[in-house]
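A quick write-up on the structure given underneath.
Order of listing sets the numbers, starting from 1, for every ligand and every atom in it. These numbers come from a predicted model, not from an experiment.
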Amino acid sequence: MLHLRLLFPLLFLVLPVQAETLREAAGGKLLIGCAIATRDLDDPELTNLITQQFNCITPEYEMMPEKLVDDHGKFTFDTADRVVGFAEKNKMPVIGHMLVWHFITRKWLFESPDGKPLPREKALENLKTYIDTVVGHYKGRIKAWDVVNEAISDKDGEYLKDTPALRAIGPDYIEKAFQFAQAADPQAALYYNDYNIEQPGKLDRTLKLIHSLREKGVKIDAVGIQGHWLLDWPPAGMIGKGVEALSAAGVKVMITEMDIDPLPRDSSGADMSQSEKGANPYPETLPSEMQEKLAKRYGEIVSELVRHPAVTMIGFWGTHDGRSWLNDYPVKSRTNHPLLFDRKLQPKPALDAVIKALALPKEGRSPNRPSP
Ligand code: G3I
């Protein structure tokens, strides 16, 4: 493409030229994120891909409570510092992921050694100490924090998941976490992050949480729809309606962990308590007809997302298929192909589909998108 631009410069002045990277296509109007891990930083080919294609970083695992603090309350920031350092060197904002998540935590935060819930005041003290230490360590360096992850129940009729924090502190553990985070770094944006919240039922429970926090004057800047979707679920229109409903509640909306699973499975999302037995239909590569289906689905969803001014970020959960958590979920050890680059870091048809969708002509894009 470059040689053509040299030979026929005038041509490229008059013809629209398709962006060659995700971040170019987003044109500064959207953050295009990816989840990375410290181990990715030792692969120069991969770090080149990350800096060329993306403009925002989420540490995939390095900032989880299990990784930052041990069973005795000793904090270690080395691996997370490496990811943040890489992002800063490449002028890429970082989303701190996350402060509170029942699935990956340290028991002592909310439970006594015998597994019983700690007294409320002690649990609150531990939560505040944890957030003060972590958010304080990165004060001024982290654009935003996923303050609470996956607290809303998947079950109709149940509002919040039954977690150690809920049992020890009560439902206001969520607002307390947001208040502690704001006090520790008033400049950082604060997010709630969850899966399937674009879908009826869980969407309503999430709206209840957002309204409840905002009515109490709690700072919540955005909601992260994780975006762990399937080839045929949820419909793009449902995603769009979910974005509109969340935005109408007064928050920005981000797609924080997008991947589209081309393999057969029962449900979308990321309920880590679920596992399935399933086939491993494409152990080597994804056949071209499946590549096309994946590309069409990515294009359809991203075209829908860019129509909504509230969407300020589209983040992908991983950089290439070999690094996807979906190689192990919900079916253990199968070869998955959910992302935009294959295991050899080569672009898949889905990349072109997303670039085209991001660079939708003016009429396809929303005006006055808020800053990311
Ligand atoms: O780093 C250790 C390694 O030293 C050790 O040898 C190995 C085996 O025990 O574990 C490695 O840590 C694993 C880590 O991923 C890095 O690979 C953890 O055990 C494992 O639990 C962790 O899984 C992460 C998972 O969250 C749970 O923390 C996945 O990488 C990550 O993709 C996944 O991401 C979550 C989001 O945070 C929230 N939304 C859902 C999404 C998918 O579950």
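- For ligand 1 and H97, the ligand atoms under 4.0 Å from any heavy atom of the residue are 36 (C), 37 (O), 38 (C).
- With ligand atoms numbered from 1 in the order given, ligand 1 contributes 38 (C), 39 (N), 40 (C) to contacts under 4.0 Å with heavy atoms of Q226.
- Taking only nitrogen or oxygen atoms, main chain and side chain alike, N193 does not reach within less than 3.5 Å of ligand 1.
- Of all the listed residues (M64, H228, E60), M64 holds the heavy atom that lies closest to atom 26 (O) of ligand 1.
- Remark: ligand 1 and E257 share an N or O pair separated by less than 3.5 Å (distance only, no angle test).
- Residue contacts with ligand 1 for Y195 are absent, since no atom lies close enough (heavy atoms, distance under 4.0 Å).
- Contact check for N126 versus F110: no side-chain heavy atoms found under the 4.5 Å cut-off.
- Contacts of N149 with ligand 1, taken as heavy-atom pairs under 4.0 Å, involve the side chain alone.
- Near A270, meaning under 4.0 Å from one of its heavy atoms, ligand 1 places the atoms 40 (C).
- When non-hydrogen atoms are compared, ligand 1 lies under 4.0 Å from the side chain of W317 (C-beta onward) but not from its backbone.
- Contact annotation for atom 11 (C) of ligand 1: protein absent (non-hydrogen atoms, distance under 4.0 Å).
- The ring-ring contact (aromatic ring centres under 6.0 Å, His included) check on H137 picks up F77, with sequence neighbours excluded.
- At least one N/O-N/O distance between E150 and ligand 1 falls below 3.5 Å.
- In summary, the atoms of ligand 1 found under 4.0 Å from a heavy atom of K67, numbered by their order in the structure, are 1 (O).
- Within ligand 1, the atoms closer than 4.0 Å to a non-hydrogen atom of R39 are 17 (O), numbered from 1 in the order shown.
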